[in-house]
Amino acid sequence: MAVNIVKEKCRGCSICVKNCPFEAITMENKLAVIGSACTGCGVCVDKCPFKAIEKTEQEKKTEDLSRYQGVWVFAEQREGKIMPVVAELLGEGRRLANEVGCELCAVLCGFGVEALAEELFAFGADKVYLAEHRELENYRTDAYTKVINDAIEAYRPEIVLLGATHIGRDLGPCLAVKAGTGLTADCTRLEIDPEDKKLRQTRPAFGGNLMATIICPNHRPQMSTVRPGVMKKAPYEKGRRGEVIRLEVNFREGDIRTRVLETVKNIKERVSLTDAEIIVSGGMGLGKPEGFELLKLLADKLGGIIAASRAAVDAGWIDHAYQVGQTGTTVKPKIYIACGISGAIQHVAGMQDSERIIAINTNENAPIFEVADYGIVGDLYQVIPALIEELDK
Ligand code: FAD
Ligand code: SF4
Ligand code: SF4
């Protein structure tokens, strides 16, 4: 829907300006003017006391959506290594492709990365669209957007999935704008509507307090970013074959507006919570940043790593790279030990799929015990040393 001002009726009262939640209306020469920020929400229509704002149906897109076919997965690679989320996207992509009845493809960009196509076939891709160019060696928004958008225009996939990694979160929206379609970010569930075969994309909304299911009915491709660690990895079938389709890559002066001067690796890239099998996680119950030293002792004994709740991160006790939860990392270890963590919904969203959850908390009514397989009611500063002592024995 769009809205229009009927100039003859507008009295210039500016009530609509104050009521537009998107600050999309301005006054010019005592007349309301709708700006480009308008989302078509329609709030202003009822607010105008003079019925000077009308709803108009947007021009219907005449494009034939059935010309779009296939599920594509962005095969994110860094320094010649496929990111773990790609196997998860291919697992999910295969399920969706089977339900729609179409093929599953991967899009691989880089320089000297052709050999990675084998890995993508082994994880279930039927085709790999390969773009190789020196300018694609390091990820840059302009270069990857241009190449993949050109491929989308040429081959018209129906669904495009990207990992909600730093790169995927940057690339996804740019591609969606170029392709003139929508994007649902940070999906935790994807389904095909059995009736119309449209993609139903579910993600947490309103601070994680409810799940929203979003569809993209009028535009293609249907695009989603998916959080790493949420979907099941595709099985690896060594020797599985597929077709490589080379994409033509041409850049003109001005196509790429940035240069990579230096790559600085910091601690954040070294914490691999997603792959950890044992996680000892701490929250505000630690009471002080030094509490993580005790957790580290336990984690080392178990061959695991430490993690944290957002409150502990916000308190400045530990880096954000360690945060588990809706706005941190989603983890699925074999054992997750939550120490002094209350179990807020946003934290639980990131660890509830762990195989075994052990909670240590002084409050027997803490919500974390609702998701825990084993609960220990007690002071973590007594319980953890006792556990370490037992492990030493
Ligand atoms: P608290 O809720 O303060 O809990 C501390 C717990 O420690 C209590 O249960 C207490 O009984 C226990 N305790 C105290 N002393 C001891 C002791 N000596 N021994 C044992 N137990 C003890 N949170 C996340 O974790 N990850 C996220 O990604 C995340 N994203 C968010 C996104 C949004 C939009 C919002 C609004 C919030 C988000 N949060 C997230 C914050 C979340 O709502 C909680 O505030 C946070 O998880 C609480 O952290 P906590 O459990 O460490 O602290
Ligand atoms: Fe014009 Fe109606 Fe807006 Fe008042 S509320 S400025 S009359 S459009
Ligand atoms: Fe603002 Fe919504 Fe009216 Fe657009 S339709 S001008 S966004 S109130």
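Whatever order the structure lists them in is the order used to number ligands and atoms, beginning at 1.
- Remark: distances from the non-hydrogen atoms of Gly378 to ligand 1 include one below 4.0 Å.
- Atom numbering of ligand 1 starts at 1 in the shown order; those under 4.0 Å from a heavy atom of Ser309 are 25 (O), 49 (O), 50 (P), 52 (O).
- At a heavy-atom cutoff of 4.0 Å, ligand 2 is contacted by the side chain of Ile53 but not by its backbone.
- Ligand 1 places these atoms under 4.0 Å from at least one heavy atom of Ala344: 42 (C), 43 (O), 44 (C), 47 (O).
- Annotation: atom 4 (Fe) of ligand 2 to nearest protein heavy atom, Cys13 SG, 2.3 Å.
- If you look at Val324 next to ligand 1, the close heavy atoms, those under 4.0 Å, all belong to the backbone.
- Close approach to Ser14 involves these atoms of ligand 2, each under 4.0 Å from a residue heavy atom: 4 (Fe), 6 (S).
- Annotation: cation-pi pair Lys197/Tyr68 absent, no NZ/CZ under 6.0 Å from the ring centroid and within 45° of its normal.
- Within the set Asn361, Asn363, Val348, Thr362, the minimum heavy-atom distance to atom 9 (O) of ligand 1 is found for Asn361.
- Gly328 counts as a contact of ligand 1, since one of its heavy atoms falls under 4.0 Å from the ligand.
- The residue from Ser342, Ser281, Gly291, Gly285 that puts a heavy atom closest to atom 4 (O) of ligand 1 is Ser342.
- Taking 2.8 Å as the threshold, Cys38 does not count as a candidate ligand of atom 3 (Fe) of ligand 3, since none of its N, O or S atoms lies below it.
- With distances taken over non-hydrogen atoms, the option nearest atom 31 (C) of ligand 1 out of Arg310, Gln326, Gln382 is Arg310.
- Under 3.5 Å, the side chains of Asp170 and Tyr144 contain no donor-acceptor pair of N or O atoms.
- In terms of protein heavy-atom proximity, atom 2 (Fe) of ligand 2 is closest to Cys48 SG, 2.3 Å.
- Near Gly325, meaning under 4.0 Å from any of its heavy atoms, are these atoms of ligand 1: 26 (N), 27 (C), 28 (O).
- Every atom of ligand 1 is numbered from 1 in the order shown, and the set under 4.0 Å from a heavy atom of Asp379 is 17 (C), 18 (N), 19 (N).
- In the vicinity of Ile25, heavy-atom distances shorter than 4.0 Å reach the ligand 3 atoms 6 (S).
- Under 4.0 angstrom from ligand 2, the non-hydrogen atoms of Cys16 come from both its backbone and its side chain.
- Proximity to Gly42 (heavy-atom distance under 4.0 Å) selects the following atoms of ligand 3: 2 (Fe), 5 (S).
- Two residues are said to be in side-chain contact when any heavy atoms from C-beta on lie closer than 4.5 Å; Cys48 and Ile15 fail this criterion.
- Close approach to Arg11 involves these atoms of ligand 2, each under 4.0 Å from a residue heavy atom: 1 (Fe), 7 (S).
- The protein heavy atom nearest to atom 1 (Fe) of ligand 2 is Cys10 SG, 2.4 Å.
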